[in-house]
Amino acid sequence: MAEEKLLTVREVASLLGVSEKEVVDLAESGAIPAYKVGGVYLRFKREQVKNLRKYSRAPAAKVVAKQKASFKDRVSDFFYFNDFYILAGMLIILLLLIIFQGN
């Protein structure tokens, strides 16, 4: 009895029409049944991938709907991710004012 050849991440990505990273994310979330070979390499059974493709209308990675962020959320995220640069800029301006006022 011949063993079934397992698919790699790259082969599954081309079958489903998604990126390799999306395939890994889907496997980690359990959306695609995956097997680890040697504890490291992800492999997939061809039948399971074909069944997933057959029963899903859209690609599996496209299921998550995009949410529109509100203005308040975008401003909050801006300050959260850029607070160091804003504070550093304010400190530089303050130091320049102190230096030039001394003349």
Side-chain angles (χ1 to χ4, degrees):
M1 182 172 171
E3 289 186 31
E4 176 185 358
K5 180 185 178 283
L6 297 176
L7 301 174
T8 63
V9 173
R10 181 170 288 162
E11 292 169 336
V12 172
S14 67
L15 277 174
L16 295 178
V18 297
S19 71
E20 292 178 23
K21 183 183 179 332
E22 289 173 321
V23 171
V24 172
D25 291 343
L26 290 169
E28 288 176 356
S29 70
I32 299 176
Y35 305 92
K36 286 196 176 188
V37 176
V40 178
Y41 304 104
L42 281 177
R43 297 293 185 255
F44 307 87
K45 288 188 177 180
R46 183 177 298 274
E47 275 187 39
Q48 292 174 331
V49 174
K50 284 184 178 180
N51 286 339
L52 178 73
R53 194 173 82 185
K54 184 183 353 177
Y55 291 117
S56 66
R57 293 180 206 155
K62 308 293 185 216
V63 173
V64 178
K66 291 183 180 180
Q67 296 178 352
K68 188 99 169 154
S70 69
F71 179 74
K72 181 182 174 188
D73 290 337
R74 292 190 316 212
V75 170
S76 174
D77 286 345
F78 173 79
F79 283 111
Y80 178 78
F81 289 110
N82 297 305
D83 60 346
F84 172 78
Y85 303 108
I86 294 168
L87 291 174
M90 291 171 55
L91 181 63
I92 290 170
I93 291 172
L94 179 65
L95 289 174
L96 288 173
L97 286 174
I98 291 172
I99 290 171
F100 289 119
Q101 290 232 342
N103 290 335

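Here the structure is a predicted model, which means the values were calculated and not measured. What's counted below: heavy atoms across the whole structure, side chains too, no hydrogens, waters or symmetry copies.
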| request: Using the test side chain to side chain donor-acceptor pair (under 3.5 Å), find all partners of Ser70 that sit at least two apart in sequence or belong to another chain. | output: Asp73
| remark: Sorted by chain and residue number, the side chain to side chain contact (heavy atoms under 4.5 Å, CB included) partners of Tyr85 (sequence neighbours excluded) come out as Asn82
| said: What I'd like to find out is whether the side chain of Leu16 reaches to under 4.5 Å of the side chain of Ile32, using heavy atoms alone. | reply: yes
| query | Hey, does Arg43 have a side-chain heavy atom less than 4.5 Å from the side chain of Thr8? | reply | yes
| remark: Besides Phe71, the hydrophobic cluster formed by Ile, Leu, Val, Met, Phe, Trp and Tyr side chains linked at under 4.5 Å, directly or via other members, contains Val75, Phe78, Phe79, Ile86, Met90
| Listed by chain and number, what are the side chain to side chain donor-acceptor pair (under 3.5 Å) partners of Asp77, not counting sequence neighbours? | none
| request: Go through the structure and list residues passing side chain to side chain donor-acceptor pair (under 3.5 Å) with Arg10, not counting sequence neighbours. | output: Glu20
| message | Taking transitive links into account, so neighbours of neighbours count too, which hydrophobic residues share a cluster with Leu97 at under 4.5 Å side-chain distance? | response | Ile93
| Among pairs that include at least one residue of residues 87-99, which meet side chain to side chain donor-acceptor pair (under 3.5 Å), considering only residues two or more places apart or in two chains? | none
| query | Would Ile98 and Leu94 satisfy side-chain contact (heavy atoms from CB on, under 4.5 Å), going step by step from the backbone distance to the final call? | reply | CA-CA 6 Å; Ile98 291 172; Leu94 179 65; 4.2 Å; yes
| query | Which atom pair, heavy atoms only, marks the closest approach of Phe44 to Pro33? | reply | CD2-O, 3.4 Å
| Under 4.5 Å side-chain linkage, directly or through intermediates, the cluster mates of Tyr35 | none
| query | If you look at every heavy atom in Leu42 and Ala34, which pair is closest and at what distance? | reply | CD2-CB, 4.0 Å
| request: Check side chain to side chain contact (heavy atoms under 4.5 Å, CB included) between Leu96 and all other residues, then give those that pass, not counting sequence neighbours. | output: Ile92, Phe100
| Residues that Asp25 engages under side chain to side chain donor-acceptor pair (under 3.5 Å), provided they are two or more places apart | Lys21
| said: Please give the remaining members of the hydrophobic cluster of Phe81, linking ILVMFWY side chains under 4.5 Å, ordered by chain and number. | reply: Tyr80
